[in-house]
There are 2 protein chains.
Amino acid sequence: MSQPESPSRVRQSRHARGAAPTLHDVAREAGVSLATASRVLNGSERKVAESFRERVEQAAAELGYTANVSAQATARGTSPVIALLVADIADPYFGLIAAGVARGADEQGLVVTIAITERDPAREARIVRALRGQRPQGLILAASRTKEPTDSDSDTARELAEYARFGGRVVTFGAGSAENRHVEIDNRAGAEELGRRMAALGYRAAIAIAAAEGVLTSDERLAGFRAGFESGGGAIDRVLRGDFRRESGVQAMTAALAEGVVPGTLVFGMSDVVAIGAMSAIRDAGREIGADIAVCGFDDVPSSSDVTPALTTVRVPLSEVGYQAFRATVDADWEQAALPLEVTVRASTPGIPR
Amino acid sequence: MSQPESPSRVRQSRHARGAAPTLHDVAREAGVSLATASRVLNGSERKVAESFRERVEQAAAELGYTANVSAQATARGTSPVIALLVADIADPYFGLIAAGVARGADEQGLVVTIAITERDPAREARIVRALRGQRPQGLILAASRTKEPTDSDSDTARELAEYARFGGRVVTFGAGSAENRHVEIDNRAGAEELGRRMAALGYRAAIAIAAAEGVLTSDERLAGFRAGFESGGGAIDRVLRGDFRRESGVQAMTAALAEGVVPGTLVFGMSDVVAIGAMSAIRDAGREIGADIAVCGFDDVPSSSDVTPALTTVRVPLSEVGYQAFRATVDADWEQAALPLEVTVRASTPGIPR
DNA sequence: AAAGTTAGAGCCCTTTGGTGA
DNA sequence: CTCACCAAAGGGCTCTAACTT
């Protein structure tokens, strides 16, 4: 009566159902000690005789044993996970970065946990704190950093510092603190080249659709573009503010159009997604993209080449960027590999005939 | 000499640097027992006197304590993670699903670990096995299932069964086994309606670009479309095979065009991404999308409305689908909420004037 | 006697001495 | 002396049972 409804050859361990077999179960089944079973199954330098190894492996297979990662983590004092924070995983920008991170993690047999900040600094701080509890080997922060930290930003910073203090490795994008490793995308240079090229195409007046002032990526891209565009004789007439989302491009552009946009103007969206939103607004206003109003963006996300006219942009090797960020979390001595940006001129900026 | 370079008020615990503070440290600092500290910090029914609670909380704050999730997991026997398997996180289809899953997980304070199958059954099996080790509360499999399992598929199935056997909850998409919960997208009905609508618009000849035979989602969409389209007097002339990726759409369409495509033909891509690839090929061949060759897809990923002409498709609430999948992993009694699909006719299928 | 504390066993695994062949 | 095994301690936490006031 102590073993209700148990089939005849049931194991008498406590996990008849409901719990996965443990190393203990395997060891007992194989008739060896825990230590030996551990060595066979969960990797160790020390040798185990072939006959024992076989017995253990068979027992494990029979029982469907899988090492309990949490237990391993507590015992080893390190857990095989990389934490990735992104603003929005459905955004292709972050999707591509995540793909790169995942690729790297897979290579190293690490697991990646993903969390979404929704671009909310308070949320971000909360998440970093929660993630700290996982004791991940590395933490990659791919949400947008701002220059002058809000209170919540410094909450995040504090949590990150705390995490780093106890051996965790933080990787951020763009200029990080001296402490943290960071993957640098040369937004400024890429944007400058873009500005130069656009000026060379004959554009002289531009409208920029940027994120809020202080958002580093946006600031850098804007400054770079301005430098390049002005060096070629162009000028940015208006800077509209929003964020990196498509809807932001739609709204800013709609507003700009309402105020009036002269033909031959170039619109520069701080991200392709924004630029594509702007294109949509332009079209909805009955204007033409290209000869009438030209548009360019930044990132070269896949859909940039699928819209019509195809979007002029700066190619950022996002997946590679993600991969680099991953390497930065695990490599003892890491140096960022070159991440070349490349201006890609397409039909959305046909140029102005002289 | 026993405490090198230690600041004066250093704590004497073993973790002067390198290891995060433990509950033990907090308890000592607060002058209470482990049990009390645990109750205060890591949630418990039992009451703790206010004065003790304060002391503990302050000590925790001072030390920057965060509970070690792995240790909690081993002690509690359950770990707060949901595992998500997707074919490709950079694909907007999976990106949106992941966003929905992440939203749900966040609501419940769970962590999402993500893994990429790359649509490789062998990889998938390997990953499921690795993920099993995490003892996640739920496992969401969002990669494409096939009808007649390959060997590797049954490897996956075996791992899933093993996982489920010990209390894990598996959620798949599309018709799952009787055992597993599954989130059903009514591909057939959606595609049928699409087919009907396309026939009503005057289309009579269609080319379908599908994934390999046996890939359930593709099969269902194709069958549904065929039924609807034929019921309206149309017929599918050619079924080209590839996968769900953009490149597949390009290749299939290029091949189709080489063989010849008469004006007025409708191309149905089994996913928007494929349809967009086909659009690209059509354009590259110097043909026109719309009046000449019409195109429709499935999913309504964001870029579908950004391409020109905008893509006719079937709207799938992907983020909601992901959310549902998440609920299915955690709710004791779960019933799938309705996931209405909606045919969205856009400019890529202007119809054939009679 | 109620309320709240504490000691200590237990979770699953790793790893280090020891020990017998 | 190797070689290859085992026992046992330890890792950070939870939770029950016993104890204090």
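Every chain is numbered from 1 and lettered A, B, ... according to where its sequence line falls, protein lines coming before strand lines.
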* D/dC6 C1' sits how many Å from A/Leu23 CG, rounded? -> 14 Å
* Asked: Has B/Glu50 got more than 12 heavy atoms of other residues, nucleotides or ligands less than 6.0 Å from its CD?
  -> yes
* Structure fact -> Whole-Å distance, A/Leu63 CG to C/dC12 P, equals 13 Å
* Taking atom P of C/dA9 as reference, at what distance in whole Å does atom CZ of B/Arg76 sit? -> 22 Å
* Sequence-distant partners of B/Ala325, side chain to side chain contact (heavy atoms under 4.5 Å, CB included), two or more places apart -> B/Ile140, B/Val171, B/Phe173, B/Val183
* To do: Identify, with sequence neighbours excluded, every residue that meets side chain to side chain contact (heavy atoms under 4.5 Å, CB included) alongside B/Leu96.
  => A/Ala90, B/Pro302, B/Leu318
* To do: List the steps and the verdict of side chain to side chain donor-acceptor pair (under 3.5 Å) for A/Thr113 and A/Gln134.
  => CA-CA 10 Å; A/Thr113 81; A/Gln134 313 254 25; 4.7 Å; no
* **Contact state string [nucleotides 1-6 of chain C, B base, S sugar-phosphate only, - no protein heavy atom under 4.0 Å]** => ---SBB
* By salt bridge (charged side-chain N to carboxylate O under 4.0 Å, His left out) - contacts of A/Glu124 (at least two apart) -> A/Arg145
* Asked: Roughly how many Å is it from CG in B/Asn42 to P in D/dC15, rounded to a whole number?
  -> 10 Å
* Can you list the residues that meet the side-chain hydrogen bond (donor to acceptor under 3.5 Å, both in side chains) rule with A/Thr66, with sequence neighbours excluded? -> B/Arg132
* Looking at residues at least two apart in the chain, or sitting in another chain, which of them share a salt bridge (charged side-chain N to carboxylate O under 4.0 Å, His left out) with B/Glu54? -> none
* **side chain to side chain contact (heavy atoms under 4.5 Å, CB included) involving B/Ser154 - partner list, sequence neighbours excluded** => none
* Asked: Given atom NE2 of B/His24 and atom P of D/dG12, what is their separation to the nearest angstrom?
  -> 9 Å
* Asked: Who pairs with B/Ser38 by side-chain hydrogen bond (donor to acceptor under 3.5 Å, both in side chains), at least two apart in sequence or on another chain?
  -> none
* To do: Tell me whether the OP1 or OP2 atom of C/dT14 has a side-chain N or O from A/Ser38 closer than 4.0 Å.
  => yes
* Specify the separation, in whole Å, of atom CG of A/Asp25 and atom C1' of C/dC12. => 10 Å
* **With sequence neighbours excluded, residues passing side-chain hydrogen bond (donor to acceptor under 3.5 Å, both in side chains) with A/Arg135** => none
* Structure fact -> Residues at least two apart in sequence or cross-chain that pass side-chain hydrogen bond (donor to acceptor under 3.5 Å, both in side chains) with A/Asp155, listed by chain then number, are A/Arg158
* In degrees, rounded to 10°, what is the bend between the two ends of the helix from C/dA2-D/dT21 to C/dA21-D/dT2, using five pairs at each? -> 50°
* Asked: Does A/Tyr65 put a side-chain nitrogen or oxygen below 4.0 Å from OP1 or OP2 of C/dC13?
  -> yes
* Contacting residues from residues 66-75 of chain A, given that a heavy atom lies under 4.0 angstrom of DNA chain D -> A/Ala71, A/Thr74, A/Ala75
